[in-house]
Amino acid sequence: MHSIETITSSVNNELEKFKKVYDNILQSKCNLLNNSIEIVLSSQGKRIRPTLSLLIAKLCGKITDVTINSAVFLELLHTATLLHDDVVDDTLLRRGKPSLNALYQNKVAVLVGDYFLSTSLIMAMQTANLQLISIVSSTGRELSEGELFQLESTREIIFTEERYNEIIYRKTASLFSACCQIGAISAGATKEQIALFKDFGMHVGMAFQIKDDIFDYFPAGDLGKPTGNDIREGKVTLPLLYALRNTKKEIANPYMEMIRRRDFTPSNIDTLFSFAKEEGGIEYAEKRMQEHVEKAIGYLTVLPDSQEKSALIDLTHFITQRTR
């Protein structure tokens, strides 16, 4: 597997510019806000989403200031949703570090999330591109709907795989799709290219979220995500969903009852995860994840070979082979 540093090598300079714009736009005269922003920035990830935008823009033509600014406003939107989600889910760790709501009150985390969201909208308006503004607006709406769909589904205990796919599309894949679209749009791509990268990004995002869901079934290590975090919140993800729906009723019923009672002691979580693994839930989720990878890469086969095309393929594989 290629390292993320190798994958991003052709856009390293632009990623540095992205970081400068991202950091500068968040400056404030409020000390509490600046301190909070520093905490948030210290737990940022590998910048996979802006990397997708930059690689696609370069593949379609060239990276422009609009590309950089668009990547920034979507990353700001993403960060805003993470801050709000941490409050909703009472998450105390993010990437192995205390979350903002763990260090301060929930109200601080919510308001800082609002600041990130507002800044995202300001940057989107500055592009003066209605297509980009429409994308960031509709993506923000889909991210919210996705989380609400998931909360609604926790009451259903067990639901269809189609419902699961709808949830992860809205809460995760829609943002990946948006990042890929804005990369193409900002470089003056054709309608056909924009549509291609929209679908490519959707499948990359679906694979990304399934991988994240699989992580929850194994010891946390340095993932920064406690084992069983999803199930503690009543979220039944694909491995367990598969096991519950594809096992004889009399075998699945005790596990269903455990979930229905929300009896998520460490021992019960271990029992649920052992059940999911023994019934092939992990293998099934990995199979579905790989299908999305193959579909994503399939969209790229029509494009001429280039360093950026190879990097996109490597990044797609990296997403499903990562260990955190």
Are [Y] and [X] connected into the same hydrophobic cluster when the rule is that any two of I, L, V, M, F, W, Y join if their side-chain heavy atoms are below 4.5 Å apart?
| X | Y | answer |
| --- | --- | --- |
| Ile135 | Leu130 | no |
| Val66 | Ile122 | no |
| Ile37 | Leu32 | yes |
| Leu41 | Leu77 | yes |
| Leu82 | Ile48 | no |

**Message:** Could you tell me if Lys198 sits above the aromatic ring of Tyr299, with its cationic atom closer than 6.0 Å to the ring centre and no more than 45 degrees from the axis?
**Reply:** no
**Prompt:** Within 45° of the six-membered ring axis of Phe215 and under 6.0 Å from that ring's centre, is NZ or CZ of Arg322 located there?
**Reply:** no
**Message:** Please determine whether side-chain contact (heavy atoms from CB on, under 4.5 Å) holds for the pair Asn13 and Glu16, giving the CA-CA distance in whole Å, both sets of side-chain angles, and the decisive distance to 0.1 Å.
**Reply:** CA-CA 5 Å; Asn13 291 337; Glu16 281 301 313; 5.7 Å; no
Check [X] against [Y] and note the closest heavy-atom contact, atom names and distance.
| X | Y | result |
| --- | --- | --- |
| Ile63 | Ala57 | CG1-CB, 4.0 Å |
| Ser70 | Thr127 | OG-CG2, 4.3 Å |
| Val110 | His84 | O-NE2, 3.1 Å |
| Val204 | Ala296 | CG2-CB, 3.8 Å |
| Leu55 | Ser10 | CD2-OG, 3.6 Å |
| Ala276 | Ala243 | CA-CB, 3.8 Å |

**Asked** Are Leu100 and Asp86 close enough, and set up right, to give a side-chain contact (heavy atoms from CB on, under 4.5 Å), and what steps lead you there?
**Response** CA-CA 8 Å; Leu100 188 62; Asp86 284 349; over 6 Å; no
**Complete:** From the list Val72, Ile25, Leu76, Thr79, side chain to side chain contact (heavy atoms under 4.5 Å, CB included) with Ser120 holds only for Leu76
**Asked** Step by step, would you call Lys235 with Asp216 a salt bridge (Lys or Arg N to Asp or Glu O under 4.0 Å)?
**Response** CA-CA 11 Å; Lys235 299 173 183 176; Asp216 205 47; over 6 Å; no
Does any non-hydrogen side-chain atom of [Y] lie less than 4.5 Å from one of [X]?
| X | Y | result |
| --- | --- | --- |
| Asp65 | Lys17 | yes |
| Phe318 | Lys46 | yes |
| Ile168 | Met206 | yes |
| Gln181 | Ser53 | no |
| Phe149 | Arg170 | yes |
| Ile39 | Tyr104 | yes |
| Ile4 | Thr51 | no |
| Leu74 | Arg49 | no |

Between the main-chain N or O of [Y] and the side-chain N or O of [X], is there a donor-acceptor pair closer than 3.5 Å?
| X | Y | value |
| --- | --- | --- |
| Ser144 | Gly140 | yes |
| Thr172 | Tyr169 | no |
| Asn268 | Phe264 | no |

**Prompt:** ring pair (Phe, Tyr, Trp, His ring centres under 6.0 Å) with Phe275: which residues, sequence neighbours excluded?
**Reply:** Tyr255
**Asked** Between Asp213 and Tyr164, is a side-chain hydrogen bond (donor to acceptor under 3.5 Å, both in side chains) present by the stated rule, with each step listed?
**Response** CA-CA 11 Å; Asp213 290 344; Tyr164 169 81; 2.5 Å; yes
Do [X] and [Y] pair up side chain to side chain, a donor and an acceptor below 3.5 Å, judged on atom types alone?
| X | Y | result |
| --- | --- | --- |
| Ser174 | Ser177 | no |
| Thr81 | Asp85 | no |
| Tyr217 | Ser274 | no |

**Request:** Might you work through the side-chain contact (heavy atoms from CB on, under 4.5 Å) test for Leu59 and Phe197, ending with a clear yes or no?
**Result:** CA-CA 11 Å; Leu59 189 153; Phe197 284 115; 4.0 Å; yes
**Request:** Could you give me the CA-CA distance, side-chain angles and deciding distance for Glu152 and Arg163, then say whether side-chain contact (heavy atoms from CB on, under 4.5 Å) is met?
**Result:** CA-CA 11 Å; Glu152 185 177 63; Arg163 176 74 162 180; 2.6 Å; yes
**Request:** Would you please name every residue forming a salt bridge (Lys or Arg N to Asp or Glu O under 4.0 Å) with Arg47, sequence neighbours left out?
**Result:** Glu75
Decide, yes or no, whether a salt bridge links [X] with [Y] under the criterion of side-chain N to carboxylate O below 4.0 Å.
| X | Y | answer |
| --- | --- | --- |
| Glu291 | Arg288 | yes |
| Glu257 | Arg260 | yes |
| Lys295 | Asp199 | no |
| Lys171 | Glu166 | no |
| Glu250 | Lys248 | no |

Inter-residue atom distance [X].[atom1] - [Y].[atom2], 0.5 Å rounding:
| X | Y | atom1 | atom2 | result |
| --- | --- | --- | --- | --- |
| Glu145 | Ser138 | CD | OG | 10.5 Å |
| Leu132 | Ser186 | CG | OG | 7.0 Å |
| Ser137 | Leu121 | OG | CG | 6.5 Å |
| Ile319 | Asp314 | CD1 | CG | 11.5 Å |
| Thr119 | Gln27 | OG1 | CD | 11.0 Å |
| Leu196 | Leu303 | CG | CG | 5.5 Å |

**Request:** Quick one: do Glu161 and Arg245 satisfy salt bridge (Lys or Arg N to Asp or Glu O under 4.0 Å)? Show the steps, please.
**Result:** CA-CA 9 Å; Glu161 187 174 336; Arg245 293 188 65 85; over 6 Å; no
**Atom NZ of Lys19: over 12 foreign heavy atoms under 6.0 Å** = no
**Message:** Can you classify the ring geometry of Tyr284 versus Tyr242 as parallel (below 30°), tilted (30 to 60°) or perpendicular (above 60°)?
**Reply:** parallel
